[in-house]
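First the structure, in the form of structure tokens, and then the observations on it.
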2 protein chains.
Amino acid sequence: MESTKVVQALASLAQVTRLEIYRLLVSRGPEGFSAGELVERLTIPGPTLSFHLKALANAELITARKESRFIYYAANFSQMNELVTYLTQNCCSLGAVCDPVCSPGKYLRPKKSA
Amino acid sequence: MESTKVVQALASLAQVTRLEIYRLLVSRGPEGFSAGELVERLTIPGPTLSFHLKALANAELITARKESRFIYYAANFSQMNELVTYLTQNCCSLGAVCDPVCSPGKYLRPKKSA
DNA sequence: AAATTAATTTTATTATTCTGGAAATATGGA
DNA sequence: TCCATATTTCCAGAATAATAAAATTAATTT
């Protein structure tokens, strides 16, 4: 993933309303929600929603598919995975010793001793 | 992780210079780079760097440790892991069927348990 | 073809963020 | 103490982003 695209993707998520939209679409899965359903669920004005959907779609974090009068929006999971890869790769590649630090999820269970 | 903290973390990365700083610190590991070393490597003015470091530090994506006159900045990997967890969790939790969609990186390597 | 419905684009206003020079703070050395 | 070094804070202008009402496009129904 190219760095300007990464910035775009991050910026598209770095906004309360858009993050909410994205999370709702993640929980929904591939079927997606129409713009109207999102307006209802999030109780925000149409133009505002449209503005935010555009940002997420331009960043390719969501996809849009038109079905008759409706436009269904769904999370694009592969783009999120590429983003995560970009953010976590090259850990300690400059040579430092940092074995447990780099691997996500693997070491992070709170210990009783500290 | 709380959603306003998530937005803050995403915003702190959604900027070319800050993303560059963060990635450099990721590649460096726990030892970190001093502000001066970062000014040199990134060729940006001190005040500009300081402004961006503050944003990343407030978001807890990097840590600062003072050592004599120097301040060493290092990536905070556990915060990134929490961020990634937040962004990827609850996939399809609203009931849709979408098994391979949620963890694309994982299904390439078949699980041992059924 | 008119009316209805779904959603977007345009637009103006407001709010926030970025940038870097000049001044300020803090530490260590002569 | 005085000086150099490391870094930050202050400030003001420039740039960018968010909001939502009004106008617009597009598809469907009657």
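Lettering of chains follows the sequences in order, A, B, ..., and the numbering in each one begins at 1. Worth saying up front: this structure is predicted, and the values here are computed from it rather than measured.
Within the 4.0 angstrom heavy-atom criterion, only backbone atoms of the sugar-phosphate kind lie near B:Gly36; the bases stay farther away. As judged by a 4.0 angstrom heavy-atom cut-off over every strand, B:Pro47 is placed among the base-contacting residues. Residue-level contact check: B:Ser68 touches the backbone only, with heavy atoms under 4.0 Å from sugar-phosphate atoms and none from bases.
Here the NZ-CG distance, from B:Lys5 to B:Leu10, works out to 12.5 Å after rounding to the nearest 0.5 Å. One distance of note links CD1 of A:Ile21 with CG of A:Leu38; it measures 6.5 Å at 0.5 Å rounding.
No donor-acceptor distance shorter than 3.5 angstrom exists from the side chain of A:Glu60 to the backbone of A:Asn76, with no hydrogens or angles considered. Counting only distance, with no hydrogens or angles, the side chain of A:Arg18 and the backbone of A:Ser12 share a donor-acceptor pair below 3.5 Å.
The CZ atom of A:Phe51 sits 11 Å away from the C1' atom of D:dA20 (whole-angstrom rounding). Atom CG of A:Leu13 and atom P of D:dA17 are 15 Å apart (whole Å). Summarising the geometry, the separation between OH on A:Tyr72 and C1' on D:dA27 is reported as 14 Å, rounded to the nearest angstrom. If you measure from atom CZ of A:Arg69 to atom C1' of C:dA3, you get 11 Å, rounded to the nearest angstrom. Rounded to whole Å, atom P of C:dA6 lies 11 Å from atom CD of A:Glu37. Atom-to-atom, NE2 of A:His52 to P of C:dT8 comes out at 13 Å; the value is rounded to the nearest Å. As rounded to whole Å, 10 Å separates atom P of D:dA17 from atom CD of A:Gln8. Remark: P of C:dA6 and CZ of A:Phe33 are 16 Å apart, rounded to the nearest angstrom.
Residue A:Tyr73 has a polar side-chain atom (N or O) positioned under 4.0 Å from OP1 or OP2 of C:dT8. Between B:Thr48 and C:dT19 there is no side-chain polar atom (N or O) within less than 4.0 angstrom of OP1 or OP2. Considering only side-chain N and O atoms, A:Lys54 lies under 4.0 angstrom from the phosphate OP1 or OP2 of C:dT9. At D:dT16, none of the side-chain N or O atoms of A:Gln15 fall inside 4.0 Å of OP1 or OP2 (strictly under the cut-off).
Along DNA chain D, the nucleotide closest to A:Ile44 and the one closest to B:Leu49 are compared, and the more 5′ of them pairs with B:Leu49. Closest-nucleotide positions on DNA chain D for A:Lys66 and A:Thr17 were compared, and the one nearer the 5' end corresponds to A:Thr17.
Environment of CD in B:Glu40: sparse, with no more than 12 heavy atoms of neighbouring residues, nucleotides or ligands closer than 6.0 Å.
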